[in-house]
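Data first, discussion second: the structure below is written as structure tokens.
Numbers for residues simply follow the sequence, beginning at 1. Keep in mind that this is a model prediction, so the values were computed, not measured.
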Amino acid sequence: QVRLVESGGGLVQAGGSLRLSCAASGRTFSNYAMGWFRQAPGKERVFVGGISYSGGRTYYADSVKGRFTISRDNAKNTVYLQMNSLKPEDTAVYYCAANPYGSGYSRQEEYDYWGQGTQVTVSS
């Protein structure tokens, strides 16, 4: 069992930045690739980005590429999502998730554990 707890969400103006954190506990963190997903009001949850076990490879949705950066610190059992140049359309609940397979980063079914989510609201 892996427990994931997101933090760092909030209200920010368009063009601003936020950094989300996801703290993991339970099983060995470095055994899991990690992903970030988001769900806007009235919409399905979608892939934002993913990072490999060691952090050497990252993957992003086209909508956030160049603005968002995923990183991880395995010593701290934490994965981060740095979000810059935020837009109102980035408003959503953001979830981190743990993927033991190290593949299929954009597919939700590849993730075994999910956090409870943190709200990000970007005002125009």
Side-chain angles (χ1 to χ4, degrees):
Q1 185 79 5
V2 175
R3 182 169 181 256
L4 302 172
V5 179
E6 301 97 336
S7 61
L11 174 64
V12 63
Q13 289 188 334
S17 298
L18 279 176
R19 188 175 82 153
L20 305 184
S21 299
C22 172
S25 60
R27 295 183 178 176
T28 304
F29 181 63
S30 58
N31 286 348
Y32 293 85
M34 298 297 294
W36 285 95
F37 292 77
R38 67 186 182 187
Q39 186 168 21
K43 296 187 177 181
E44 294 184 351
R45 189 164 58 186
V46 298
F47 173 73
V48 173
I51 188 165
S52 61
Y53 305 111
S54 64
R57 290 174 287 128
T58 54
Y59 308 87
Y60 298 96
D62 288 343
S63 59
V64 306
K65 205 171 291 184
R67 299 188 298 123
F68 290 12
T69 303
I70 297 175
S71 61
R72 66 189 295 164
D73 186 337
N74 286 347
K76 295 183 178 180
N77 292 347
T78 303
V79 61
Y80 304 97
L81 180 65
Q82 177 67 43
M83 304 185 295
N84 298 329
S85 302
L86 282 161
K87 305 174 182 180
E89 51 263 45
D90 294 318
T91 294
V93 176
Y94 283 73
Y95 299 89
C96 69
N99 174 342
Y101 310 106
S103 62
Y105 285 85
S106 64
R107 296 196 298 268
Q108 297 186 47
E109 59 268 31
E110 298 294 320
Y111 293 81
D112 286 355
Y113 302 101
W114 292 81
Q116 83 291 346
T118 186
Q119 176 71 48
V120 171
T121 303
V122 184
S123 63
S124 57

What are the two closest non-hydrogen atoms of [X] and [Y], and how far apart are they?
X	Y	result
Trp114	Tyr95	CE3-CB, 4.0 Å
Phe29	Val79	CZ-N, 4.0 Å
Ser123	Leu11	CB-CD1, 4.3 Å
Arg72	Ser54	CD-C, 4.2 Å

Flag, side chain of [X] to backbone of [Y], donor-acceptor distance under 3.5 Å:
X	Y	result
Arg67	Ser85	yes
Glu6	Cys22	no
Gln108	Arg45	yes
Gln116	Val5	no
Glu110	Tyr101	no
Tyr53	Gly102	yes

(message) Does Val64 form a side chain to side chain contact (heavy atoms under 4.5 Å, CB included) with Arg38? I'd like the steps, not just the answer.
(response) CA-CA 11 Å; Val64 306; Arg38 67 186 182 187; 3.9 Å; yes
(message) Parallel, tilted or perpendicular, judged at 30° and 60°: which one describes the rings of Tyr94 and Phe68?
(response)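 Taking Phe68 first and then Tyr94, their aromatic rings sit tilted (interplane angle of 30° to 60°).
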(message) Applying the side-chain contact (heavy atoms from CB on, under 4.5 Å) criterion to Met34, which one of Ile51, Thr78, Asn99 satisfies it?
(response) Ile51
(message) Is any side-chain heavy atom of Thr91 closer than 4.5 Å to one of Gln119?
(response)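 Result yes, sub-4.5 Å side-chain heavy-atom pair found.
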(request) Just do the ring-ring contact (aromatic ring centres under 6.0 Å, His included) check on Tyr111 and Phe37 with the steps written out, would you? (result) CA-CA 11 Å; Tyr111 293 81; Phe37 292 77; 5.0 Å; yes
(message) If hydrophobic clusters are built from ILVMFWY residues whose side chains come within less than 4.5 Å, do Tyr80 and Leu20 share one?
(response) no
(request) Answer yes or no: is there an ion pair linking Lys87 with Asp90, defined by an N-O contact shorter than 4.0 Å? (result)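 Salt bridge between Lys87 and Asp90, a charged N being under 4.0 Å from a carboxylate O: no.
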(request) Inspect the surroundings of CD in Glu109 and state if more than 12 heavy atoms from other residues, nucleotides or ligands are less than 6.0 Å away. (result)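 Enclosed.
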